[in-house]
Amino acid sequence: MGSQRTVRAIAVSLVITAVTAAAVLFLGFDRHAAGDGGAQVSYNTVDMRAQMLKNGDLRVTQTFDYRLRPRGTPWRQMFQQYTLSFDRVTNISDISIKDLTTGRVYTQDTTVHSPGGYGDYGWNSECAGRWYIADITRSQTAPEPYDAELDALTPTAVGEPKQTKDVEIGWNIPSTASASSMRFELSMT
């Protein structure tokens with residue numbers, strides 16, 4: 001029993017380290033790529049908490065504080081991308097997204113809406129306040145539906161094909177020209 005807890009603790013530590021490293025690298029790349037002293041979108045802060053559930057699942061809560069600079073078109077979507085793998089994280093489920101700036105809890109949408117296809121009023125009334133999860137393994141520009149019950153990967157035995165899948169969790173914000181701080185909480189199992 002003790003060795004099983006040790007393995008789980010190591011797995012949790014590795015997941016936390018990988019996510020934190022990815023966020024740090026993304027922030028560094030964003031600031032470097034802008035060339036003018038700052039990217040159009042950047043993080044003020046990124047926080048993450050993880051809790052091991054009794055059934056062995058991992059409940060992760062990430063808090064993102066975004067800075068959105070003016071760019072000519074309004075900001076309408078925020079997203080995070082994750083790689084699922086047969087030997088690590090095999091599924092993402094029980095997703096919730098909350099706008100910590102306004103207190104609004106977002107609802108799930110099964111459609112990924114293209115921000116360019118709407119005016120501000122149409123976007124704000126039809127799309128804002130909703131989140132989605134999509135399979136982007138084949139194409140980031142043509143995401144496919146992702147169903148946590150049907151599309152989860154299964155751990156594979158030695159010699160079986162290794163499976164991976166890229167997914168995107170996105171949320172549609174109200175049309176925003178710029179913001180010094182917009183805070184969101186993303187929770188998932």
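Numbers here are sequence positions counted from 1. No hydrogens, no waters, no symmetry mates; every other heavy atom, side chains included, goes into these values.
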*Test Asp151 against Leu84 for side chain to side chain contact (heavy atoms under 4.5 Å, CB included), laying out the working first.*
CA-CA 11 Å; Asp151 298 327; Leu84 304 180; over 6 Å; no

_As a quick check of understanding, evaluate side chain to side chain contact (heavy atoms under 4.5 Å, CB included) for Trp131 and Leu186, giving each step before the final call._
CA-CA 10 Å; Trp131 65 267; Leu186 165 60; over 6 Å; no

*Hey, mind stepping through Val89 and Tyr82 against side chain to side chain contact (heavy atoms under 4.5 Å, CB included) and telling me if it holds?*
CA-CA 9 Å; Val89 177; Tyr82 304 92; over 6 Å; no

*asked:* Before you tell me yes or no, could you show the steps for Arg69 and Ser178 under side chain to side chain donor-acceptor pair (under 3.5 Å), namely the whole-Å CA-CA distance, both residues' side-chain angles and the distance that decides it to 0.1 Å?
replied: CA-CA 5 Å; Arg69 293 187 178 192; Ser178 65; over 6 Å; no

*Can you check side chain to side chain contact (heavy atoms under 4.5 Å, CB included) on Met78 and Leu68, steps first, answer last?*
CA-CA 10 Å; Met78 310 308 293; Leu68 307 175; 3.9 Å; yes

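Under the 3.5 Å distance criterion, with hydrogens and angles disregarded, no donor-acceptor pair is assigned to the side chains of Thr101 and Arg183. Looking only at atom types and distance, the side chain of Tyr146 has no donor-acceptor partner in the side chain of Glu168 under 3.5 Å away. Judged purely by distance below 3.5 Å, without hydrogens or angles, the side chains of Asn172 and Arg130 never pair a donor atom with an acceptor atom. Thr137 and Asp166 share no side-chain donor-acceptor pair at under 3.5 Å.
Listed for the Asn91 side chain is a donor-acceptor partner under 3.5 Å among the backbone atoms of Ala148. Arg59 places a side-chain N or O within donor-acceptor distance of the main-chain N or O of Asp94, the cut-off being under 3.5 Å. When atom types are taken as modelled, the side chain of Thr111 and the backbone of His113 share no donor-acceptor pair closer than 3.5 angstrom.
Note that CE of Met182 and CG of Leu100 are 11.0 Å apart. Values are rounded to the nearest 0.5 Å. Rounding to the nearest 0.5 Å gives a distance of 10.0 Å between CD of Gln108 and CD1 of Ile169. Taken to the nearest 0.5 Å, the CD atom of Gln163 stands 10.5 Å off from the CG atom of Asp87. Summarising the geometry, atom OG belonging to Ser93 is positioned 10.5 Å from atom CG belonging to Asp147; distances are rounded to the nearest 0.5 Å. Note that CG of Asn55 is 5.5 Å distant from CG of Leu53, once rounded to the nearest 0.5 Å. One distance of note links CG of Asp47 with OG1 of Thr63; it measures 5.5 Å at 0.5 Å rounding.
Scanning all heavy atoms of the two residues, the minimum distance from Pro115 to Gln77 falls at CG-OE1, 3.5 Å. When all heavy atoms of Asn124 and Ser175 are compared, the pair lying nearest together is OD1-N, 2.8 Å. Between Asp120 and Pro74, the closest heavy-atom pair is OD1-CG, 3.6 Å. Shown here for Thr61 and Ser187, the closest heavy-atom pair between the two residues is OG1-OG, 3.1 Å. Taking both residues in full, the closest heavy atoms of Asp135 and Pro145 are given as CB-O, 4.0 Å, listed atom of the first, atom of the second, then distance. Scanning both residues, Thr176 and Ala179, for their nearest heavy atoms gives CG2-CB, 4.2 Å.
A heavy-atom distance below 4.5 Å is found between the side chains of Gln62 and Val60.
The aromatic rings of Tyr118 and Trp123 sit perpendicular to each other, their planes meeting at more than 60°, with 30° as the lower class boundary. Ring pair Tyr66/Trp171 is tilted by interplanar angle, where 30° to 60° counts as tilted.
By the rule that hydrophobic residues join a cluster once side-chain heavy atoms approach within less than 4.5 Å of another member, Ile133 and Met188 end up as members of one cluster. A continuous path of hydrophobic side-chain contacts links Ile97 to Ile92 [ILVMFWY only; heavy atoms under 4.5 Å]. Note on Tyr106: it clusters hydrophobically with Trp75, by side-chain heavy-atom contacts below 4.5 Å among ILVMFWY residues. Both Ile95 and Phe64 sit in one connected hydrophobic cluster of ILVMFWY residues. Membership requires side-chain heavy atoms under 4.5 Å apart, directly or through other members. Cluster membership for Phe79 and Val41, using ILVMFWY side-chain heavy atoms within less than 4.5 angstrom, is not shared.
Counting heavy-atom neighbours within 6.0 Å of Lys165 NZ, excluding the residue itself, gives a total above 12. Other residues, nucleotides and ligands contribute at most 12 non-hydrogen atoms within 6.0 Å of the CZ atom of Arg138.
Arg49 and Glu185 are joined by a salt bridge, as a carboxylate oxygen and a charged side-chain nitrogen come within less than 4.0 angstrom of each other.
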